[in-house]
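First the structure, in the form of structure tokens, and then the observations on it.
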Amino acid sequence: MFLVGSFFLFAAFLITTCIFVIFSKNPVNSVLFLVLAFLNSTFLFILIGAEFVGIILAIVYIGAVAILFLFVVMMLDIQITTLMFNIKRYIPLALLFAGIILAEIIYLTVFKTSKDNLDTFIRSKNNTEQIGDVLYTEYFIDFQLSGIVLLLAMIGAIVLTHVYRPTIKRQNIERQNSTTAEDRVILVKIKSGEGIKDD
Amino acid sequence: MTSLSFELTIGILKIFSFVVPVLVSVALLVYLERKVLGAVQLRKGPNVVGPFGILQSFADVLKLLTKENLLPSSSNKFLFIFAPMLTLILSLIAWAVIPISSTYVIANINIGILYLFAVSSFGVYGVIIAGWASNSKYPFLGALRSAAQMISYEVSIGFVIITVLICVGSLNLIDIVESQKNMWFAIPLLPMFVIFIISALAETNRLPFDLPEDEATLVAGFFTEYSSISFGLFFLAEYANMILMSSLTVILFLGGWYPPIDIFPLNAIPGIFWFVIKVFLILFVFLWVRATFPRYRYDQLMRLGWKIFLPFTLIWVVITSAFLFYFGLLPN
């Protein structure tokens, strides 16, 4: 009873926050609602007993991804973005993705596994250990491939945005650390009335 | 139904038994900080209010409470008020999983260390929301600095935690402490211990990494616009976070509630005493560092995080796991 009740509570919150993500006028509020949506999906994962997946979702998406979103969105000029916001343009694409995800969910729940099977599988062992058992054995290739995809995305972003400017003066920390007083300061005895000759 | 309400009462009492000591020790920590700084700089520190000035922090709290709470007219009102609340809530809910002794903990969950890591990484939201909602230059710059800094140092904290986890074989905090019964992890993993303390300084925005609130360039950083109790909440949260990170250091590296040597007069003393003593020592290191080192420049801070700590911890994770694997020391 408690479980079912909390499921519907968090699910309702999740859908509400998702709607607010789309319809908020201010993009910063959108990102903050997105954070709430992530948090609610974390709770849903914990409810079905997958606490490891849930908390990793929280660490990665709330602790890192959403912060970077917020970082970018905070620097936008809000007036311009509200003018540019045109919901009708994105509806076909949104429907396409919604359709794909719905099809996946139907495929997984109706055809792929029976519910009881999944339940006993989840409850049989600590789910951190379960993931540890299969991650580097059964799913080794998939795991490494997803790592390479992320690495490629990162390198791609750097290559696209990085412009090398030879005119910029950079610090050479090794050189700074290895300089001694003798390299920089010379003690000169000046005779009266002569001054220093610059060479 | 009676048993449920009984359990609820016990739970609430347990929560209070953690939150109240934490808040009191925040007040004492502020007093300690001023005394330590005073001693380092050959001053007396607070010495007027109460015996040895020990009530100074309480007097400061009372003064803060009686001030007017200002709301900047161009700020986002809801988020402006929400940010300090969020910061304090996050620094207090983390205590739910901290084991003070082998039995005394609110929630002994399987993924305790991940929960702590998650909560400490949410801490940046309070800062960034405060900076944005203030709608003012200095808080905004402070928030940007803080977000970048906390994300950078979380990476190395993550790798340090992974190294410890490889040695323990469990994400449970009590298991982590119990596997240090014979040898504290600070000894075999000394470099990681040092990196963890330095990263903890950066994560809690303490000197020499307090660039988010760098008074020389940013007035007061992200809480420039805050006054009265909303400033007080940020202040409270910062010190509560310091105590939290010290407790985490003690749990991960200094053997939690275990005495330094397992012999009679030492192991007869209750574990809570050892835990508090160790937390106190780490906190003293925090204050000592503050009195000793000048502030880092921002590019130096980023360089230290990404170019030194990240590769070093990454290599150390590989070395540790290879060592444990080849000598058959891996847990389970």
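Scope of the values below: all heavy atoms of this structure, side chains included, with no hydrogens, waters or symmetry mates. To find a chain, count down the sequence lines: A is the first, B the second, and so on, and within it residues start at 1.
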Note to self: Under 4.5 Å from any heavy atom of chain A, what part of B/Glu154 do you find: side chain, backbone, both or neither?
What the structure shows: side chain
Notebook entry, point to check: Which bit of B/Ile129 is near chain A, if near means a heavy-atom gap under 4.5 Å: side chain, backbone, both or neither?
Noted result: side chain
Margin query: With a 3.5 Å distance limit and no angle check, can you tell me whether B/Tyr226 reaches the backbone of B/Phe80 through a side-chain donor-acceptor pair?
Written below: yes
Note to self: So for B/Leu171, is it side chain, backbone, both, or neither that comes closer than 4.5 Å to the heavy atoms of chain A?
What the structure shows: side chain
Next item on the list: Of all the heavy-atom pairs spanning A/Ile67 and B/Ser121, show the shortest one and how long it is.
Entry: CD1-O, 4.0 Å
Margin query: At a 4.5 Å cut-off on heavy atoms, which part of B/Ile111 comes close to chain A: side chain, backbone, both, or neither?
Written below: side chain
Checklist line | Within-4.5 Å side-chain heavy-atom neighbours: B/Glu238 and B/Thr204 | finding: no
Note to self: With chain B as the partner, which of A/Ile173, A/Ile56, A/Leu32 has the greatest number of non-hydrogen pairs under 4.5 Å?
What the structure shows: A/Ile173
Notebook entry, point to check: Which one of A/Ile62, A/Asn29, A/Thr42, A/Val60 has the most heavy-atom pairs closer than 4.5 Å to chain B?
Noted result: A/Ile62
Next item on the list: Please say whether the positively charged group of B/Arg145, taken as NZ for Lys or CZ for Arg, lies over the ring of B/Tyr298, i.e. under 6.0 angstrom from the six-membered ring centre and within 45 degrees of the axis.
Entry: yes
Margin query: At a 4.5 Å cut-off on heavy atoms, which part of B/Phe122 comes close to chain A: side chain, backbone, both, or neither?
Written below: side chain
Note to self: So for A/Leu70, is it side chain, backbone, both, or neither that comes closer than 4.5 Å to the heavy atoms of chain B?
What the structure shows: side chain
Item checked: Main-chain N/O of B/Arg297 paired with B/Gln300 side-chain donor or acceptor, under 3.5 Å -> yes
Next item on the list: Just say parallel, tilted or perpendicular for the rings of B/Tyr153 and B/Phe309, cut-offs at 30° and 60°.
Entry: perpendicular
Checklist line | Which portion of A/Val35 sits near chain B, non-hydrogen atoms under 4.5 angstrom | finding: side chain
Notebook entry, point to check: Parallel, tilted or perpendicular: which fits the ring planes of A/Tyr136 and A/Phe143, with parallel below 30° and perpendicular above 60°?
Noted result: perpendicular
Notebook entry, point to check: At a heavy-atom separation under 4.5 Å, does A/Leu39 approach chain B through its side chain, its backbone, both, or neither?
Noted result: side chain
Margin query: My understanding is that only one of B/Leu88, B/Leu92, B/Thr87, B/Leu86 makes a side-chain contact (heavy atoms from CB on, under 4.5 Å) with B/Leu90; could you say which?
Written below: B/Leu86
Item checked: Under 4.5 Å from any heavy atom of chain A - which part of B/Ile151 -> side chain
